[in-house]
Each structure stands twice: as C-alpha cells, then as structure tokens.
2 protein chains.
Amino acid sequence: MNKVKIALADDHVLLRNGLAGLITNLGYTVLLECSTGKELTEKLDKNNLPDVVLMDINMPEMDGYETTAWLKTHYPLLNVLALSMYDDENAIIRMLRNGARGYIMKDSDPLELKRAIDDIVEKGVHYSELVTGKLLHSIYNVNGNAGHSQQLLELNEREIEFLKLASTEMTYREIAEHMHLSPRTIDGYRDSLFEKLNIKNRVGLVLYAIKNGIVQLN
Amino acid sequence: MNKVKIALADDHVLLRNGLAGLITNLGYTVLLECSTGKELTEKLDKNNLPDVVLMDINMPEMDGYETTAWLKTHYPLLNVLALSMYDDENAIIRMLRNGARGYIMKDSDPLELKRAIDDIVEKGVHYSELVTGKLLHSIYNVNGNAGHSQQLLELNEREIEFLKLASTEMTYREIAEHMHLSPRTIDGYRDSLFEKLNIKNRVGLVLYAIKNGIVQLN
DNA sequence: GTAAAAAACGGGAAAAACACCTTAACAGTG
DNA sequence: CACTGTTAAGGTGTTTTTCCCGTTTTTTAC
C-alpha cells in the first residue's frame, strides 16, 4: 500500500511547515505546500493528485471556500479537509456545502488530525464531534424563521463586497458611495444580512465577516 | 556548547506540535509546551529554564501580554519571542513594552524564526524589518495629538472589560447596565478609547479588540 | 492636607444606524 | 401572458451612537 499523499494550503508558513513535519511523522507524504488557494490551483498536477487537501479557510488571494468550490468542479474526486481557527457554525456548513469532507480546528490534537485523514482516505468523510454538534444545533435551532438555514449561506458578490466595507470604519453612506449604490440599497443589504445571519447590528456583521474569512485582519 | 532550549506557548495544538518538530529540525531542544500562559507559569522549572520562550499573543486563560509581563517580574532573565498572527502596531509595541525581545508573525519563513531565535540567544534581542518599520511608523506618525503613543497602550481593567462587551451585539446602554455604570461613564470610556486608539467608531473598537487578543473569536 | 488628575456622571443635539413598508425594473418560468 | 423572485431604491420614523458642553466625586501626587 502506497503512502497517503497530502497537500497543504495555509498562508501561515510556520504552521504549514510544522504541520508538514507532523504529517511526515504520522507516516504520510507531503506532496505540495502553498500559501494561497490560487497557488494550489496552479500547482496541482493532474497526473499526481493528493489523497487529501488540508485546506485553511482564511487565506489571501483565494480563500478556502472559493478554492474548495473550485476544486469541486475541476477535480471532483479530490478530498478536502478544512482546517480552521474558528468553530463558527456558518463556516463549517459553508465549507461542507462547498465540498469539504471534514472540518477540524487548529487547536485540535495531532491524533484528531490523523483520525480525520484516515477517515477521509478510508471512508471518504470525517465527521468529528464538533461538526455533528454544530450541524445538529443548526437543525434544531430554528430561532425565528424556520428553515432559514438552507439559504443563509449563499452570499453573493455584492453582499461580500458590502460585508468587507461594513467591517471598516466607513459609515453606510460612504459605503453606498463607494459601491455606487443608493443608501437605501445598502440598508437593504444590511437588513437582509441581519436576518439571514441572525444578528442585530453592525458588530454582528464585523464578527461574521472575520470568522468567515471575508475580511482579513492585516 | 549546549543545545538551545525553547519553550512553546500556543493554544493551537497543531501549530505548536508542528513548530516543535520544526524547532527540533533546526537543531534546538523543545523544553516544554503549553496551551495557555497560565500553564506556562506553572510548568516553568527554576532549575531548568528555557533560553527562549516562543509566546503566542492570543491565548485563553492568560494571554501573551499578561504572561510576558508576569515573566518579566518573576523570571526577568527569560527571553520572550512574541509570535503573532497580526502585525498590528499596537500589539507589537505592547509586547515589546511588556518585555518581549522580538516579534515575528505566524506567516513568516522558518529561516526568519531561526534568525530570531539565534539573535535573541546571542544578542538578547531580535529586531526584524517588521518591528523596526512599525516602530518608526509609530514615532513619525503623530497624526492628531502628538505624543499619544506613550500612553495609548495602558488600558485598565474596566476599559478591557468595556472593550470585550463593545465587541458583542449589546448596545451601550446594555453594557452600562452590565457593568453597573451610568451610560455617561460608558460614553467616556468609548470616547477616550476613540482618541487613544485613533479610531472613529465602534467598528474600530471591535477590530482593535480582536487584533489585540482582548476578545477571542472562539 | 491640598492640588492635580482621573473616573463617574449628566443634558442636549446632531449624525448614524436601524426598522418597516412600498415601488419599479427585470429575468425566468409555467 | 401572468406569476414569482430578485435587485435597486424611495419614504418615514425610531433608536442608537457620537460629540459637544459641563459637574461632582474619587484617586493620586507632592
């Protein structure tokens, strides 16, 4: 039996480098490393694909969501294991819906990582307690409008753009000018996001944007 | 010559574990690992101290600032190398003022880490381009009120508490009730922070709190 | 012990954010 | 063609935030 081949995508070079060593020690092969999703899409070799892609969510250039979705269409057989700092419910669901086969946190144990990789190689998926817990929560927690969990994650380009600007010190009027839209339209974006994301005010927007890698802190 | 001994403090176990491997490969010894500042203070052995403590800023229980300050008084000879995700100017200055001997980012190159460790062991400090750049910026950038950079970092207990609450979806009135203070006092905290931190509104507060590890995004 | 500094508190007003409700244009669908 | 959904935008009013102006009380410093 051949060694399991892993690809690493994470912009934190120290983490990535260390992780590479850890993975080697666990008996796997590190096929390739990269700092952005874009880099991954360029480095992948059709004739020598990894068995598992360890994918960070927060990356510059092309984040984990986008990259996972891209892989889904271009390399549908590739297994993505999401690797994140946050256990945000929406982030988990978004990654899984974009095609990730599992989700683990950066503060988890190396053994958990090994279990996840083995699960994905053998069974195609890895559902940790974390993931199942959050999924159950999202199903039972129909606070307010039921069934909202189905479309709450599909943010379009403009909404993403708006979220980025809402996470700066601009006023909504300035955001409207910047996006060449009426302040009322911005109101609409804001209000619909409040409802979709189940938040009350702008602080909620900022927290969501950060946790979901829509804005990068430096 | 004996091997250089390193202590690791970071709550991201995967990063820490990987880092441990990397450090070993670089020819150093990993003396101890821990997930929180508190754990570090408990695990330190007077008779076998590390040469360098690699200290993350954002940790639960006791963050990097607090821990570095604690080490400064209890083990003044211990060398702390700060390890952070963000290159926030205030964070850098705060860590250095609390006694850190250097500051590197998690997305830096392993060779940069090695250089930093060697510098600290040999010369007692490591000033990277990043650090000197930011320090110069903070000196020349006297935008608004000059000399503010001296006291802008001393946030007291109440201000920290306020910042934590301001980073939630509570209104200021609710924050006031929660802190058993008049809304006017809260106004005062807010306005003085706006000035000290050179920000314009609540979004700025939230971003500052996150970048400086005052709030943890689980 | 007194002077200075800071923390806590307050009124009032302008700006911004939030809520709710309506309309127009347009695209896709049965 | 009517039906439905989505996007952009207007009207109006309330609440919250931000920014002035202060005073009183508590801490700190000399």
Side-chain angles (χ1 to χ4, degrees), chain A residues 143-210 214-215, chain B residues 143-210 214-215:
Chain A
N143 48 354
N145 44 353
H148 75 292
S149 55
Q150 273 146 24
Q151 79 263 32
L152 96 168
L153 306 156
E154 298 307 334
L155 304 189
N156 60 39
E157 290 282 325
R158 299 295 267 175
E159 284 174 320
I160 299 278
E161 167 79 357
F162 164 71
L163 258 181
K164 281 184 186 167
L165 296 172
S167 303
T168 71
E169 295 185 26
M170 279 192 236
T171 68
Y172 287 124
R173 194 176 317 177
E174 289 166 339
I175 293 174
E177 280 169 28
H178 195 280
M179 291 180 73
H180 305 294
L181 289 172
S182 144
R184 296 318 160 104
T185 309
I186 294 300
D187 281 3
Y189 282 127
R190 184 198 56 211
D191 293 347
S192 85
L193 283 176
F194 282 177
E195 208 192 346
K196 280 204 250 186
L197 306 178
N198 246 290
I199 57 183
K200 297 158 91 111
N201 55 34
R202 192 158 168 181
V203 174
L205 289 181
V206 176
L207 296 179
Y208 178 88
I210 294 172
I214 289 163
V215 294
Chain B
N143 48 355
N145 44 353
H148 75 291
S149 55
Q150 273 146 26
Q151 81 264 30
L152 96 169
L153 306 155
E154 299 307 335
L155 303 189
N156 60 39
E157 291 282 328
R158 299 297 265 177
E159 284 175 319
I160 300 279
E161 167 79 358
F162 164 72
L163 259 180
K164 281 184 185 166
L165 297 171
S167 303
T168 71
E169 296 185 26
M170 280 192 234
T171 68
Y172 287 123
R173 195 177 317 180
E174 288 167 339
I175 293 174
E177 281 170 28
H178 194 279
M179 291 179 72
H180 306 295
L181 289 172
S182 144
R184 298 314 161 124
T185 307
I186 294 300
D187 282 1
Y189 283 130
R190 184 198 55 211
D191 294 347
S192 86
L193 283 176
F194 281 176
E195 208 192 346
K196 280 205 252 187
L197 307 177
N198 245 289
I199 56 182
K200 296 158 89 120
N201 55 35
R202 192 159 169 180
V203 174
L205 289 180
V206 176
L207 295 179
Y208 178 88
I210 294 171
I214 289 163
V215 295

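In what follows, chains are A, B, ... by sequence order, proteins preceding strands, each numbered from 1.
- In terms of heavy atoms, A:Gly204 sits closest to A:Ile199 at C-CD1, 3.5 Å.
- Backbone-only engagement by B:Ser182 is indicated by non-hydrogen atom pairs under 4.0 Å involving sugar-phosphate atoms exclusively.
- Taking both residues in full, the closest heavy atoms of B:Leu163 and B:Ala209 are given as CD2-CB, 4.2 Å, listed atom of the first, atom of the second, then distance.
- Between A:Glu161 and A:His178, the closest side-chain pair of non-hydrogen atoms falls below 4.5 Å.
- Mapping B:Gly188 and A:Arg202 onto DNA chain C by nearest heavy atom places B:Gly188 at the nucleotide closer to the 5' end.
- For B:Thr185, the side-chain atoms get nearest to C:dA8 when compared with the rest of D:dT7, C:dA8, C:dA19.
- Distance, A:Asp187 CG to C:dC21 C1': 13 Å, rounded to whole Å.
- A residue-by-residue look at B:Asn201 and B:Pro183 shows that B:Pro183 has its nearest nucleotide of DNA chain C further toward the 5' end.
- As a whole-Å value, the separation of A:Glu169 CD from C:dA17 C1' is 16 Å.
- Listed nucleotides: C:dA17, C:dC9, C:dC20. Nearest to the side chain of A:Tyr172: C:dA17.
- D:dT23 atom P lies 15 Å from atom CZ of B:Arg184, rounded to whole Å.
- In this structure, A:Tyr189 places its OH atom 17 Å from P of C:dA17, rounding to the nearest Å.
- The residue B:Arg190 sits close to a base: some heavy atom pair falls under 4.0 Å.
- Looking at heavy atoms from C-beta onward, A:Leu205 lies in side-chain contact with A:Phe194 at the 4.5 angstrom threshold.
- Between the P atom of D:dT16 and the CD1 atom of B:Ile186 lies a distance of 15 Å, rounded to the nearest Å.
- Of the listed nucleotides (D:dA9, C:dA17, D:dT18), D:dT18 has the atom at the smallest distance from the side chain of B:Phe194.
- Atom pair B:Leu205:CG and C:dA17:P shows a separation of 14 Å (rounding to whole Å applied).
- Between the CG atom of B:Asn156 and the C1' atom of D:dT26 there is a distance of 14 Å, rounded to whole Å.
- Between B:Glu159 and B:Ser192 the shortest heavy-atom distance is OE2-OG, 3.7 Å.
- In this entry the distance linking CZ of B:Arg173 with P of C:dG10 reads 13 Å, nearest Å.
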